[in-house]
Amino acid sequence: MSNKKVDKPYKKPVILSWFCEWYLDRIFISRIMAIISALNLLVVAFDITYIPLRDIWLNGKITLGKFKIGPYEYEGLPFTVLPQKWSQKITQYDVIKGIEPNRDTQTYLKEVSLLEDSINQYGLNSPETEEILAKLREYSEDMIEQNPFAVASKSGTLEVIKNRMRDHMNKYIDNPEDSAKLAFDSFWTTQHLQKQFPKELNFFNEQIKPLIKTNYYRPIGENGEFIDYFGLIDFPFIIIIFIDFIIRCLGISFRYHGVNFKDAIFWRWYDLIFFLPKYRWLRIIPVTIRLDEAKLLDSKRIKKQASQGFVAGIAGDITEVVILRIVNQIQSDIKKGQIEKMLIPKGKVREYVDLNDINEIAEITKLVIDLVVKELLPEIRNEVEVLLAYTIEKTIIDSPIYPNIKSLPNFNKVSQNLSQRLANRIYQVFLETINNFIKEDPIFEQYLEKIIAKFGNTLTDRPNAKYDINKIEQLLVALLEEIKVNYIQNLSDQDIEALLDETRALRSFNE
């Protein structure tokens with residue numbers, strides 16, 4: 001008896017399988033997870049934009065820079081976008097980003113507060129106030145030279161501060177070197193502040209202090225990057241989404257034959273974007289797909305617009321390439337002498353292969369003649385008869401015997417009647433002759449084939465036939481080149497957009 005072990009067929013766990021498949025079929029679960037994913041994306045978007053927009057969150061204002069409209073010049077217009085209470089709550093997020101107050105700029109602002117208190121308590125000309133003004137002049141020079149804004153990558157803010165102070169002090173002092181240090185030194189003096197005491201401090205508090213206030217210090221961790229605790233906020237979302245991802249992959253592997261767990265992971269490849277340590281903004285892809293699957297977002301219009309935008313981007317190039325390819329192929333065939341080979345064959349003539357025992361050229365000729373005889377000629381019969389009668393009458397008048405017979409009685413009337421009858425008879429004979437030609441007549445077809453063959457031989461047997469054909473080929477090549485330059489290569493975006501607009505109109509009509 002053989003002791004070989006026989007592998008038992010795999011049996012999927014019944015309870016787990018039932019739960020996973022039940023989980024897949026519940027639309028309310030899909031919607032809950034889609035909403036959770038969307039919330040996570042909003043949190044990620046806030047985190048990504050927090051540092052660039054921190055100045056707005058901190059001050060609650062947007063200040064337009066100095067600008068000029070016509071003869072009028074404006075220093076800057078502040079717009080309040082957030083109440084102060086909201087700003088204080090939002091900027092508590094500094095803890096998550098590891099942001100700390102910058103000691104140098106905070107010391108500077110504290111000294112300004114001490115100055116205000118000293119002026120209110122001791123007056124502007126007191127020794128205590130003068131001591132504080134001296135410190136502010138020293139701190140201003142240090143701020144300009146050491147640039148404490150560089151740590152937070154806000155050197156541009158320091159430049160704005162320097163420019164505003166220079167522009168403001170140029171009204172009061174002679175500053176030939178346009179020095180920011182001289183402007184600050186002159187500003188923090190008793191003599192200057194005495195001129196317009198409240199106004200000057202208001203200028204600093206409204207134009208300079210908010211900019212200094214935006215500076216911060218952000219420590220660097222052991223990994224060489226700035227301290228960031230966003231992972232503590234993101235982690236609960238990722239755990240929930242990961243559990244959902246595992247259950248859905250198991251459900252797919254249980255439901256579909258031949259799909260294992262690894263295949264199911266690739267089935268939901270877009271969910272893997274949630275677990276990337278960087279490029280969190282890419283989560284917009286799985287969030288959009290999840291919202292669409294949960295029927296919380298109709299992505300058909302988005303897909304349509306995206307596809308049309310893609311088509312608009314490449315349609316012009318594709319159209320140009322295709323048409324250029326066709327024209328270049330025709331040019332190449334003409335340059336190789338294909339027309340000459342067709343009309344003037346050299347050597348042994350290859351036997352023509354007839355696929356259907358029908359002479360297509362003769363049939364086409366008969367169809368054209370039939371169309372002319374049955375449709376065109378009856379419609380223009382009256383006009384042609386009038387033209388023929390006029391021609392016959394004019395021929396009689398121009399004949400040499402006309403001067404001798406024009407004096408006969410009733411000659412003009414007889415001449416007109418004769419011309420009309422002849423024109424009518426000629427046109428009738430012409431129609432009858434053509435009608436006889438278009439009847440099924442093998443002899444007529446033979447004659448027609450002989451005429452066509454004779455026409456081709458006459459065209460190619462002439463002494464100058466080869467020269468004329470080569471000339472035609474050269475002209476055709478030049479004509480095709482001009483068509484490429486003037487029409488094909490000048491296909492504009494407006495042409496493509498017009499075609500796309502026509503396509504959209506047809507689709508909407510069919511819908």
Side-chain angles (χ1 to χ4, degrees), residues 55 58-69 71-80 84 87-88 101-150 152 154-216:
D55 293 358
L58 183 65
N59 296 314
K61 296 181 181 179
I62 297 177
T63 302
L64 298 179
K66 186 178 180 180
F67 61 95
K68 186 177 183 180
I69 301 178
Y72 303 102
E73 187 172 337
Y74 299 91
E75 294 293 334
L77 298 176
F79 295 96
T80 300
Q84 192 62 31
S87 296
Q88 292 175 357
N102 186 282
R103 288 178 294 181
D104 295 332
T105 52
Q106 286 298 311
T107 301
Y108 192 100
L109 294 178
K110 287 180 181 179
E111 204 65 31
V112 175
S113 298
L114 291 176
L115 174 66
E116 293 177 343
D117 295 338
S118 177
I119 292 175
N120 293 331
Q121 187 174 358
Y122 303 108
L124 187 58
N125 295 314
S126 64
E128 291 82 2
T129 302
E130 182 59 39
E131 182 180 354
I132 296 174
L133 288 173
K135 287 183 179 180
L136 284 173
R137 290 193 292 271
E138 180 183 353
Y139 291 161
S140 298
E141 292 184 6
D142 292 341
M143 181 176 65
I144 294 172
E145 292 178 355
Q146 298 177 8
N147 187 12
F149 293 83
K154 296 180 68 66
S155 297
T157 302
L158 178 60
E159 292 301 318
V160 175
I161 293 171
K162 291 159 60 176
N163 292 335
R164 288 187 180 181
M165 184 57 75
R166 275 196 302 261
D167 293 341
H168 178 73
M169 293 305 297
N170 284 343
K171 304 173 185 177
Y172 303 101
I173 63 172
D174 183 16
N175 191 359
E177 297 181 0
D178 203 20
S179 170
K181 291 183 180 180
L182 179 59
F184 271 100
D185 288 343
S186 302
F187 183 85
W188 295 122
T189 59
T190 305
Q191 294 80 4
H192 175 71
L193 294 177
Q194 280 179 339
K195 296 178 182 178
Q196 294 178 331
F197 165 63
K199 183 178 178 181
E200 292 302 290
L201 281 183
N202 287 338
F203 161 76
F204 180 86
N205 289 330
E206 293 177 2
Q207 298 292 329
I208 306 298
K209 182 178 178 179
L211 296 176
I212 298 177
K213 188 179 176 181
T214 60
N215 192 32
Y216 58 85

Please tell me if the side chains of Thr189 and Leu133 come closer than 4.5 Å, counting only heavy atoms from C-beta onward. no
Looking at Thr107 and Arg103, would you say the former's side chain and the latter's main chain have a donor-acceptor pair under 3.5 Å? yes
Roughly how far, to the nearest 0.5 Å, is CG of Leu193 from CD of Gln191? 9.0 Å
Qualifying ring pair (Phe, Tyr, Trp, His ring centres under 6.0 Å) pairs with a residue from residues 157-178, counting only residues at least two apart or across chains: His168-Tyr172, His168-Phe203, Tyr172-His192
Would one find more than 12 heavy atoms of other residues, nucleotides or ligands at under 6.0 Å from atom CD of Glu145? yes
How long is the straight-line distance from CD of Glu206 back to NZ of Lys61, given to the nearest 0.5 Å? 6.5 Å
Check residues 208-215 and write down every donor-acceptor pair under 3.5 Å in which the side-chain atom is one partner and the other belongs to a residue at least two apart or another chain.
{"unit_1": "Thr214", "atom_1": "OG1", "unit_2": "Leu211", "atom_2": "O", "d": "2.5"}
{"unit_1": "Asn215", "atom_1": "ND2", "unit_2": "Pro148", "atom_2": "O", "d": "3.3"}

If you measure from CD on Gln146 to CD on Glu141, what distance do you get to the nearest 0.5 Å? 11.0 Å
Taking all non-hydrogen atoms of both residues, which atom of Ser87 and which atom of Leu58 are closest, and how far apart? CB-O, 3.8 Å
Could Glu138 and Lys181 be called an ion pair, given the rule that one side-chain N must be under 4.0 Å from one carboxylate O? no
With the side chain counted from C-beta on, respond yes when Phe184 and Leu136 share a heavy-atom pair under 4.5 Å apart, and no when they do not. no
Is there a donor-acceptor contact under 3.5 Å linking the side chains of Tyr108 and Ser140? yes
From Asn147 atom CG to Ser155 atom OG, the distance as rounded to the nearest 0.5 Å: 4.0 Å
Considering all heavy atoms of both residues, which atom of Ile119 and which atom of Leu124 are nearest to each other, and what is their separation? CD1-CD1, 3.7 Å
Interatomic spacing from CE in Met169 to OG in Ser179 - rounded to 0.5 Å: 11.5 Å
Nearest heavy-atom pair of Phe149 and Thr157: which atoms, and what distance? CE2-CG2, 4.1 Å
Is it the case that more than 12 heavy atoms not belonging to Lys199 sit under 6.0 Å from its NZ atom? no
Do Leu158 and Met143 come within less than 4.5 Å of each other through their side chains, counting heavy atoms only? yes
Look up atom CE in Met165 and atom CG in Leu182, then write down how far apart they are to the nearest 0.5 Å. 11.5 Å
Can you find a heavy atom in the side chain of Trp188 that is under 4.5 Å from one in the side chain of Val112? yes
Taken in chain and number order and not counting sequence neighbours, the residues that satisfy side chain to side chain contact (heavy atoms under 4.5 Å, CB included) with Leu114 are Glu111, Ile132
With a 4.5 Å limit on heavy-atom distance, are the side chains of Phe187 and Glu200 in contact? yes
Does the distance from a Lys or Arg side-chain N to an Asp or Glu carboxylate O, for Asp55 and Lys154, drop under 4.0 Å? yes
Donor-acceptor side-chain pairing of Asn205 and Glu116 below 3.5 angstrom: yes
Are any of the side-chain heavy atoms of Asp117 and Gln121 separated by less than 4.5 Å? no
Decide yes or no for Asp142 and Asp104: does some side-chain heavy atom of the first lie under 4.5 Å from some side-chain heavy atom of the second? no
